[in-house]
Peer 1: 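Sharing a structure below in structure tokens format, with a few things to ask.
By convention in this document, chain letters (A, B, ...) are assigned in the order of the sequence lines, proteins followed by strands, and residues within each chain are numbered from 1. FYI, side chains are in, hydrogens and waters are out, and symmetry mates aren't considered; it's all heavy atoms of this structure. Note that this is a predicted model, so its numbers are computed, not measured.
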Protein chains: 2
Amino acid sequence: MVAAERARRRPARASVWLEDKARRGGAARGGQPSGLDRDRITAVAVALLDAEGLPKFSMRRLATELNVTAMSVYWYVDTKDDLLELALDAVFGEMRVPAAIPGDEEESTADWRDQLRELAVEYREVLVRHPWVSTLAGNFLNIGPNYLEFSFAVQRVIRRTGLPMSEQTGAISAVFQFVYGFGTIEGHFVERCAAAGVSEDEYFSEAMAAVTQAPRISHVMEGSKALMEARGGDTVAEMFERDFSTALEIVIGGIEARVTAV
Amino acid sequence: MVAAERARRRPARASVWLEDKARRGGAARGGQPSGLDRDRITAVAVALLDAEGLPKFSMRRLATELNVTAMSVYWYVDTKDDLLELALDAVFGEMRVPAAIPGDEEESTADWRDQLRELAVEYREVLVRHPWVSTLAGNFLNIGPNYLEFSFAVQRVIRRTGLPMSEQTGAISAVFQFVYGFGTIEGHFVERCAAAGVSEDEYFSEAMAAVTQAPRISHVMEGSKALMEARGGDTVAEMFERDFSTALEIVIGGIEARVTAV
DNA sequence: ACCTGAACACCGTTCAAGT
DNA sequence: ACCTGAACACCGTTCAAGT
């Protein structure tokens, strides 16, 4: 019965990166009448996602941007999801990660703490620059080349913390799931401000006013007033900065404490 | 120009919880011919989201489930997004959180570490039980009554860590953004297994095989083989459990270290 | 007060046909 | 090899109309 159900649906590859035909290579452009290739399609998709957001992104909208009929894109890409996966990995390529140095497990003399901070900042920045990334990263398998490169860089750094191997995957979660969650919130906040056409600080105070006045919410906001104020920072940007860095230092400190305790 | 652009779009409330008409109260059913009310609509929406997932959820699909025409639902709810926000907060209501004890800031004698663990586990379980929650929680404002109750419980616990107030919001991020990210991954994994109709362990080994054989990926997987094996646990469920608890203990340890350092 | 039907402006994707 | 047009089976939402 299960087999029958699986047979009924289409192949359902779990990711573009698994057994994908990859039609055109991608380097040379202009061979085709329309100058289309995977790289250009992906680049325009990224631009469109940045400009208009994931909910408004459609194959038809993309096609008009490419001066092409909606169905031309399907020559290069099997489904919309495949294309989104390509766009996702493309922006992961923006992250600058330290390359592996073969034979040098110590990876120069850099402190693992500093390297972890740098990787966390790179990841956060991608999530904030491209708010649609968090939704996609949460829904796809994330096995594109650029994300894998990042994730192996993370593994190399964690290896040098001194944590026992059995705890290394947990430590990776503690750092990067936090960054993922934080970047998700921050990215969507920035996106909403841009969509509303107001500054972050304006949007924040308007939102606070709305929440405080809402009948079902106001009575319960009293308790967190003191917390909001103590959070520090004059601007929303400073608030984000402060929260991000204290959280990151808490996690790094937690790893250190665990290492020295052993 | 910005003002004009804002005027052109519809009011665009940022959340159902802000100035929503809330048409029918919700308690008494049967007054209406079809027995419809917000609570029933929300409950059926949750059931449908659980059963078929967010991408397949539509107002028309929901309406047929309610034995009603597609447009009837719009009497009770302004937009699909509003309904999704209601469904989101409804399942946040599944979390059991310690109630505030007025006047008792110490909140009995319970250890803040234990209380933090409990809250983290509750949140994680919601994310895994309802994989659609993470997408929605990432995209909405999360100011429904149930989520607020949870988030105030979190604030009360963090207050008792001994951290300076300026660092408390950061600590909250460290714990719950991690849980959010972790629950997102875990929830989607569980969902994919169910959709494919195989056990978690079967799905995992199939996925590992696929990834290891993929031409563009295999060469780079060598490095993480040792890590995967050292991670421990015979089953996927044990792996998740192990990673979650070591990560959580790292963060809790990080908070402790920061408190005693002050 | 509550519900329906028809309609509008969209979707992703298939398929046969063009060059 | 690459691109198009028409078509299918859907969407969310508006609006005028019913009871």
Peer 1: Which heavy-atom pair separates Ala70(B) from Arg60(B) by the least distance, and what is that distance?
Peer 2: CB-CG, 3.9 Å

Peer 1: Atom pairs, N/O to N/O, protein against nucleotides 16-18 of chain C, distance under 3.5 Å?
Peer 2:
none

Peer 1: Can you tell me the distance, in whole Å, between the CG atom of Asp82(B) and the P atom of dG12(D)?
Peer 2: 14 Å

Peer 1: In this structure, how many angstroms lie between the C1' atom of dG5(C) and the CE atom of Met71(B), rounded?
Peer 2: 10 Å

Peer 1: If you draw the axis of the six-membered ring of Phe244(B), does the NZ or CZ of Arg124(B) fall within 45° of it and under 6.0 Å from the ring centre?
Peer 2: yes

Peer 1: Write down the atom of Asp89(B), the atom of Tyr147(B), and the distance for their closest heavy-atom approach.
Peer 2: OD1-N, 3.0 Å

Peer 1: Without decimals, in angstroms, what is the distance between Tyr76(A) OH and dA1(D) P?
Peer 2: 12 Å

Peer 1: For a quick check under 3.5 Å, do Glu200(B) and Thr235(B) share a side-chain donor-acceptor pair by atom type?
Peer 2: no

Peer 1: Considering every strand shown, what is the Watson-Crick or G-U wobble mate of dA1(D) when both distances are under 3.5 Å?
Peer 2: dT19(C)

Peer 1: Sticking with atom P, work out how far dA9(D) lies from dA9(C), rounded to a whole angstrom.
Peer 2: 22 Å

Peer 1: Mind calculating the distance between CG (Leu62(A)) and C1' (dT13(C)) to the nearest angstrom?
Peer 2: 15 Å

Peer 1: Which whole-number value in Å describes the distance from Trp75(B) CH2 to dC15(D) C1'?
Peer 2: 14 Å

Peer 1: At what distance, to the nearest 0.5 angstrom, does CD1 of Ile41(B) lie from CG of Leu36(B)?
Peer 2: 4.0 Å

Peer 1: Please report the distance separating the C1' of dA1(C) from the corresponding atom of dA17(D), rounded so that it comes out in whole Å.
Peer 2: 15 Å

Peer 1: What integer distance in Å separates Ile41(B):CD1 from dC2(C):P?
Peer 2: 11 Å

Peer 1: List the atom of Ser224(A), the atom of Phe152(B), and the distance in Å for their closest heavy-atom pair.
Peer 2: OG-CE2, 2.8 Å

Peer 1: Over how many whole Å does the gap from Tyr74(B) atom OH to dA6(C) atom P extend?
Peer 2: 18 Å

Peer 1: Give the minimum heavy-atom separation between Phe176(A) and Val154(A), together with the two atoms involved.
Peer 2: CE1-CG1, 3.4 Å

Peer 1: With both distances under 3.5 angstrom, what nucleotide forms a Watson-Crick or G-U wobble pair with dC10(D)?
Peer 2: none

Peer 1: Are there any protein N/O atoms within less than 3.5 Å of an N/O atom in nucleotides 8-11 of chain C, and if so, which ones and at what distance?
Peer 2:
residue : atom : partner  : partner atom : Å
dC11(C) : OP1  : Ser58(A) : OG           : 3.2

Peer 1: Can you check the Leu36(A) CG to dA1(D) P distance for me, whole Å?
Peer 2: 17 Å

Peer 1: Rounded to the nearest 0.5 Å, how far apart are CG of Asp37(B) and CH2 of Trp75(B)?
Peer 2: 14.5 Å

Peer 1: So which heavy atom on Cys193(A) is nearest to which on Ser199(A), and how close?
Peer 2: SG-O, 4.3 Å

